[in-house]
Amino acid sequence: MPRSSRPVRRAVLVAASVLLAGALTAATTGGGDGDGGDTGPEPVAVQLLALNDFHGNLEPPTGSSGTIAGVPAGGVEYLATQLAQLAGQVQQENTITVAPGDLIGASPLLSAAFHDEPSIEALGLAGLDVASVGNHEFDEGADELLRIQNGGCHPADGCADQERPYKGAEFQYLSANAFVTDTGEPLLDPYAIKDVGGVRIGFIGMTLEGTPDIVTQSGVAGLEFRDEIETGNRYAEELQKQGVEAIVVLLHEGGTQAPNAGINDCTGLQGPIVPIAEGFSPAIDVVVSGHTHQAYNCVIAGKVVTSASSFGRLVTDIDLQIDPATGNVLTATATNVVVGRDVPADPAETELVARYRTLLGPIASRQVGETTAALTRAQEPLFGTLVGESSLGNLIADAQLAATDQEQGAVAAFMNPGGVRADLDAGPVTYEEAFTVQPFNNYLTTVDLTGAQLDCLLEQQFVAERTLQPSGSVAYTVDPNGVSGTAADPCSGTRVGALGIAGTPVDPAATYRITVNSFLADGGDGFSVLTQGTNRVVGGLDIDGLAAYLTEVGPVAPPATDRITVS
């Protein structure tokens, strides 16, 4: 529903005292702000409500993805209600709802089947005002992202609902560091300025510079992605030249806390967000981050830095006090709030979900197979912090090999762990459940690699810090005392040994047909060795391969996770 028609209810939120004190101190001294004295006009209270990494989760996520802080959470019907209730803390017109990317892409079937138009529509109904792009906004390419922003029916699939053609996003996407190579201009506006209660706030939106490494190459064709710190500081200076002193960065990059830290903690935060926040100009007051699907609430280098986990399970409530005379942020505090399902469902969102559920029809509920026990994407530990196989990752690799062994002569398959997006419960498996596990619509791609290249590919895992999930035809050992290669020379690593396929040692000079998805085949996740593959043949969709495997094998038991062993 439009923001003006939302129900408003006062919500009382209390931040952790130490964090609150830190945020107050940092915001008061950061960004060139004033001293917050009481000699001038009353500060203007501005509320930012933030979510990130929604990934098209219109309905409450299932399994472990459907809880946070021990509470069942998520679902756009409850998210919209929570946003409306939180907006009652200040004058409603002083609330701005923001998001740092990955609102779409890697989505459940209910949204993905319609090119994520339902999620964009739902977030508009929920009152989203401005968002940065994330890496998944580029899954279907720049032209599709522009269509998502501006509206119009899909060029290949047409209108999902002929009676209600897609009108585009009601919120504004920003892409400060995604530039069109031919023109040198940002693909979308780099920043937006909002007038709130007589003060002006600038929002700079960016994705991570490494987006081309984690998106299919067709998705980023014709684009270049620039450094986050340099870009943020450039546009912060530009905003200041326009008299804007309150500056917020919406950044699709993040970090992780120490294990078992709470949703409002900042315990041992590490990852790219830390040096980026430290490198940002003091003119920047708040950094709303994402990408890592983590929850944290921090103060870094005088800036409030937050993340609201993923899938609409949290909302970050950020309260600013802004000096109307100077435009400076005097104080900033933040609290992550759980989007529980104990609030009334928003009726407009309920109607939207029901409408698209009807349009989806019987495709979603079609049973494609059955499992004898739950299959999980959680990877087994190998040694130190290194993790290896998962039962579900191995199953997908087996399915990809089965889909290409006869037609393409494949002898092995590998699956990227980041492409496995949900667990499978025991019992019947519907097409929708299978799609939720593999929602990217990648194509199975088979290439020739020499034995030496295959060994190098596996050594590259220790550079990319990601362990590929192997098909059952593959076996090898990992030496904890071995040496990892480098980004420039991954083949120099000595971690991998006793590599065999179908029980036979791999010959460095021989050629092997290897199947991966198109994302990996294009060098995704840093596996550049795969781009050297020859005799490349592109087959069917990965989800179709998984569905066919589940159907053909019958009740599927979780594969053993013994294909990679420690030597």
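Every heavy atom of this structure was used, including side-chain atoms; hydrogens, water molecules and symmetry mates were not.
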(request) Given salt bridge (charged side-chain N to carboxylate O under 4.0 Å, His left out), test E351 with R164 step by step and report yes or no. (result) CA-CA 14 Å; E351 186 278 330; R164 303 174 69 167; 3.7 Å; yes
(message) Checking Q47 against D319 for the side-chain contact (heavy atoms from CB on, under 4.5 Å) test, could you report, in this order, the C-alpha distance in whole Å, the side-chain angles of both residues, the deciding distance, and whether it holds?
(response) CA-CA 5 Å; Q47 181 185 48; D319 294 309; 3.7 Å; yes
Identify all side-chain donor-acceptor contacts of residues 142-152 below 3.5 Å with residues at least two apart in sequence or on another chain.
from : atom 1 : to   : atom 2 : distance (Å)
E144 : OE1    : R147 : NE     : 2.8
E144 : OE2    : R147 : NH2    : 2.8
R147 : NH1    : E117 : OE2    : 2.9
R147 : NH1    : G152 : O      : 2.6
R147 : NH2    : E117 : OE2    : 3.1
Q149 : OE1    : Y173 : N      : 2.7
Q149 : NE2    : F171 : O      : 2.9
N150 : ND2    : L146 : O      : 3.1

(request) Write down the atom of L392, the atom of A422, and the distance for their closest heavy-atom approach. (result) CD2-O, 3.0 Å
(message) With a 3.5 Å distance limit and no angle check, can you tell me whether T430 reaches the backbone of R366 through a side-chain donor-acceptor pair?
(response) no
(message) Does either side chain, that of Q400 or that of S471, offer a donor lying less than 3.5 Å from an acceptor on the other one?
(response) no
(message) Salt bridge or not between R355 and D161? Use side-chain N to carboxylate O under 4.0 Å.
(response) yes
(message) If I take atom OG1 from residue T467 and atom CZ from residue F414, how far apart are they, to the nearest 0.5 angstrom?
(response) 11.5 Å
(message) Within this structure, what is the CD-CG distance for the pair E137 and L187, rounded to the nearest 0.5 Å?
(response) 11.5 Å
(message) Within a 6.0 Å radius of atom CD on E465, are there more than 12 heavy atoms belonging to other residues, nucleotides or ligands?
(response) no
(request) Keeping the roles fixed (side chain from S391, backbone from P559), state whether a donor-acceptor pair exists under 3.5 Å. (result) no
(request) Please name the residue in the list D53, D102, N135, T211 that meets the side-chain hydrogen bond (donor to acceptor under 3.5 Å, both in side chains) test with H291. (result) N135
(request) In sequence, state the C-alpha distance, the side-chain angles, and the governing distance for L109 and F114, and then conclude on side-chain contact (heavy atoms from CB on, under 4.5 Å). (result) CA-CA 8 Å; L109 185 62; F114 307 105; over 6 Å; no
(message) Quick one, V98 and L49 - any side-chain contact, counting heavy atoms below 4.5 Å?
(response) no
(message) What verdict does the ring pair (Phe, Tyr, Trp, His ring centres under 6.0 Å) test give for F519 and F527, after you've listed the backbone C-alpha separation in whole Å, the side-chain angles of each residue and the deciding distance to 0.1 Å?
(response) CA-CA 10 Å; F519 167 73; F527 288 101; 9.1 Å; no
(request) Examine distances only and state if a side-chain atom of H252 and a backbone atom of P100 form a donor-acceptor pair shorter than 3.5 Å. (result) yes
(message) Between E121 and Y166, is the side-chain hydrogen bond (donor to acceptor under 3.5 Å, both in side chains) condition met? List the steps.
(response) CA-CA 9 Å; E121 185 180 346; Y166 178 64; over 6 Å; no
(request) May I ask you to check whether over 12 heavy atoms, not counting those of Q217, lie within 6.0 Å of atom CD? (result) yes
(message) Centre-to-centre under 6.0 Å for F435 and F440, is that the case here?
(response) no
(message) Quick one: does any side-chain atom of N336 pair with a main-chain N or O of S307 as donor and acceptor, under 3.5 Å?
(response) yes
(request) I would like to know whether N264 and N297 meet side-chain hydrogen bond (donor to acceptor under 3.5 Å, both in side chains); could you show each step before the answer? (result) CA-CA 5 Å; N264 277 298; N297 190 347; 3.0 Å; yes
(message) Salt bridge check, D522 against R536: does any charged N sit closer than 4.0 Å to a carboxylate O?
(response) yes
(message) Aromatic contact between F54 and H136, with the criterion being ring centroids under 6.0 Å apart: yes or no?
(response) no
(message) With heavy-atom distances below 4.5 Å as the criterion, would you say the side chains of Y431 and D544 are in contact?
(response) yes
(request) Report the distance from atom CD1 of I104 to atom CG of D116, rounding to the nearest 0.5 Å. (result) 5.0 Å
(request) Decide if the gap between the ring center of F203 and the ring center of Y191 is smaller than 6.0 angstrom. (result) no
(request) Starting at OG of S119, measure out to CG of L352 and round the result to the nearest 0.5 Å. (result) 8.5 Å
(request) Considering non-hydrogen atoms only, spot the tightest contact between Q162 and P165 and give its length. (result) O-CD, 3.8 Å
(message) side-chain contact (heavy atoms from CB on, under 4.5 Å) for L359 and Y356? Distances and angles first, verdict last.
(response) CA-CA 5 Å; L359 288 172; Y356 279 105; 3.9 Å; yes
(message) Nearest 0.5 angstrom please: N517 CG to M415 CE, how far?
(response) 5.5 Å
(request) With rounding to the nearest 0.5 Å, note down the distance linking CD in E228 to CD1 in I273. (result) 8.5 Å
(request) Might you confirm whether atom CD1 of I363 has over 12 heavy atoms from other residues, nucleotides or ligands at distances under 6.0 Å? (result) no
(request) Taking all non-hydrogen atoms of both residues into account, name the closest pair between V429 and L550 and its distance. (result) CG1-CD1, 4.0 Å
(message) Between E59 and R357, does the salt bridge (charged side-chain N to carboxylate O under 4.0 Å, His left out) criterion hold? Intermediate values first, please.
(response) CA-CA 10 Å; E59 296 175 309; R357 177 58 65 185; 2.5 Å; yes
(request) Determine the minimum heavy-atom distance between A412 and L401, stating which atoms define it. (result) N-CD1, 3.5 Å
(message) On a heavy-atom basis, which atom in L468 and which in P417 lie closest, and how many Å separate them?
(response) CA-CD, 4.4 Å
